[in-house]
Amino acid sequence: MPIIINAVIDLEPDGAQQALLDAQPLIEASRAEAGCVAYDWSLDPAKPGRVNVYEEWESEDALASHFRDPSYAAMRDHVGKSGLIQARSQKYRCDAVEQVYDATGTPQAYFAKVI
């Protein structure tokens with residue numbers, strides 16, 4: 001079952017861009033891990049100093065492996081030393097995954113009911 005991580009990290013605005021640039025090797029290391037589908041850290045253009053994090057992992061086991069990887073601990077420590085103001089991080093276990101748009105190009109808010 002896919003796992004999604006959504007996090008919002010607020011850093012001191014003056015150092016946020018440099019903190020993200022300095023973290024690029026750690027981001028690349030996480031992207032290279034087995035089971036990593038997506039791993040994105042980006043500055044929020046509407047809120048100075050805010051970093052939005054999106055991660056997708058193939059499974060709970062893949063996420064557990066990531067938490068044991070040295071790049072995870074290094075990123076956690078890096079964020080803590082980069083003017084951290086506050087952070088919120090949540091994980092979601094996905095029990096259903098579908099395309100947003102149907103065959104006609106119409107967005108679908110609801111999941112198909114399987115009978």
Side-chain angles (χ1 to χ4, degrees):
M1 219 177 298
I3 306 296
I4 303 292
I5 301 283
N6 173 262
V8 175
I9 302 169
D10 290 325
L11 302 175
E12 293 293 337
D14 292 344
Q17 184 171 4
Q18 189 61 51
L20 224 49
L21 289 172
D22 293 344
Q24 288 305 304
L26 301 172
I27 291 169
E28 292 303 322
S30 293
R31 286 178 176 162
E33 290 178 45
C36 180
V37 177
Y39 194 87
D40 180 58
W41 290 56
S42 57
L43 289 174
D44 188 325
K47 175 108 170 102
R50 176 157 290 172
V51 178
N52 293 309
V53 179
Y54 173 83
E55 303 176 26
E56 183 178 345
W57 298 91
E58 289 179 352
S59 65
E60 291 174 345
D61 288 341
L63 180 59
S65 179
H66 169 63
F67 288 157
R68 291 187 300 269
D69 193 90
S71 65
Y72 171 79
M75 180 62 100
R76 182 195 61 220
D77 294 346
H78 174 69
V79 168
K81 296 174 186 173
S82 296
L84 178 64
I85 297 169
Q86 66 180 354
R88 177 194 55 78
S89 182
Q90 295 179 294
K91 63 185 177 188
Y92 301 87
R93 186 177 51 222
C94 303
D95 67 339
V97 178
E98 292 181 0
Q99 297 295 320
V100 172
Y101 297 95
D102 67 14
T104 67
T106 304
Q108 301 297 313
Y110 301 98
F111 285 84
K113 296 197 187 319
V114 178
I115 298 176

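- By the criterion of side-chain heavy atoms lying less than 4.5 angstrom apart, applied directly or through intervening Ile, Leu, Val, Met, Phe, Trp or Tyr residues, Ile5 is grouped together with Leu11 in one hydrophobic cluster.
- Side-chain contact of Asp69 with Ser71: a donor-acceptor pair under 3.5 Å is present, judged by distance alone.
- Of all heavy-atom pairs between Pro13 and Pro48, the closest is CG-O, 3.7 Å.
- For Glu58, there are no salt bridge (Lys or Arg N to Asp or Glu O under 4.0 Å) partners, not counting sequence neighbours.
- At distances below 3.5 Å, not a single donor-acceptor pair connects side-chain atoms of Thr106 with backbone N or O atoms of Asp102.
- Here Tyr39 contributes atom OH and Ile27 contributes atom CD1; the two are 6.5 Å apart, rounded to the nearest 0.5 Å.
- A donor-acceptor pair is defined here as one N or O able to donate and one able to accept, closer than 3.5 Å; no such pair exists between the side chain of His66 and the backbone of Glu33.
- By the criterion of side-chain heavy atoms lying less than 4.5 angstrom apart, applied directly or through intervening Ile, Leu, Val, Met, Phe, Trp or Tyr residues, Leu43 is not grouped with Ile85; the two fall into different hydrophobic clusters.
- Applying the salt bridge (Lys or Arg N to Asp or Glu O under 4.0 Å) rule to pairs touching residues 4-18 yields Asp10-Arg50, sequence neighbours excluded.
- Taking the side chain as every heavy atom from C-beta outward, Val51 and Val8 never approach each other to under 4.5 Å.
- Atom CZ of Arg93 sits in a sparse spot, with 12 or fewer heavy atoms from other residues, nucleotides or ligands closer than 6.0 Å.
- Proximity of Trp41 to Met75: side-chain heavy atoms (C-beta onward) are separated by under 4.5 Å at one or more points.
- Around the CD atom of Gln24, the shell of radius 6.0 Å holds more than 12 heavy atoms that belong to other residues, nucleotides or ligands.
- At a threshold of 4.5 Å between non-hydrogen side-chain atoms, the residues Leu84 and Ile9 count as touching.
- Side-chain contact between Trp57 and Pro2 is absent, with no heavy-atom pair separated by less than 4.5 Å.
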Which is it for Arg88 and Gln90 under the side-chain hydrogen bond (donor to acceptor under 3.5 Å, both in side chains) test, yes or no, and what are the steps along the way? CA-CA 7 Å; Arg88 177 194 55 78; Gln90 295 179 294; 2.7 Å; yes

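- Here the CD1-CG distance, from Ile3 to Leu63, works out to 6.5 Å after rounding to the nearest 0.5 Å.
- Here the SG-CD distance, from Cys94 to Glu56, works out to 7.0 Å after rounding to the nearest 0.5 Å.
- Taking 4.5 Å as the limit, every side-chain heavy atom of Glu55 sits out of range of all side-chain heavy atoms of Asp40.
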Could you please spell out the steps behind the side chain to side chain contact (heavy atoms under 4.5 Å, CB included) verdict for Lys91 and Ile4? CA-CA 6 Å; Lys91 63 185 177 188; Ile4 303 292; over 6 Å; no

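- Residue Gln17 places its CD atom among 12 or fewer non-hydrogen atoms of other residues, nucleotides or ligands, all under 6.0 Å distant.
- Applying the ring pair (Phe, Tyr, Trp, His ring centres under 6.0 Å) criterion to Phe67, with sequence neighbours excluded, gives Tyr72.
- Heavy-atom contacts from other residues, nucleotides or ligands closer than 6.0 Å to CZ of Phe111 number more than 12.
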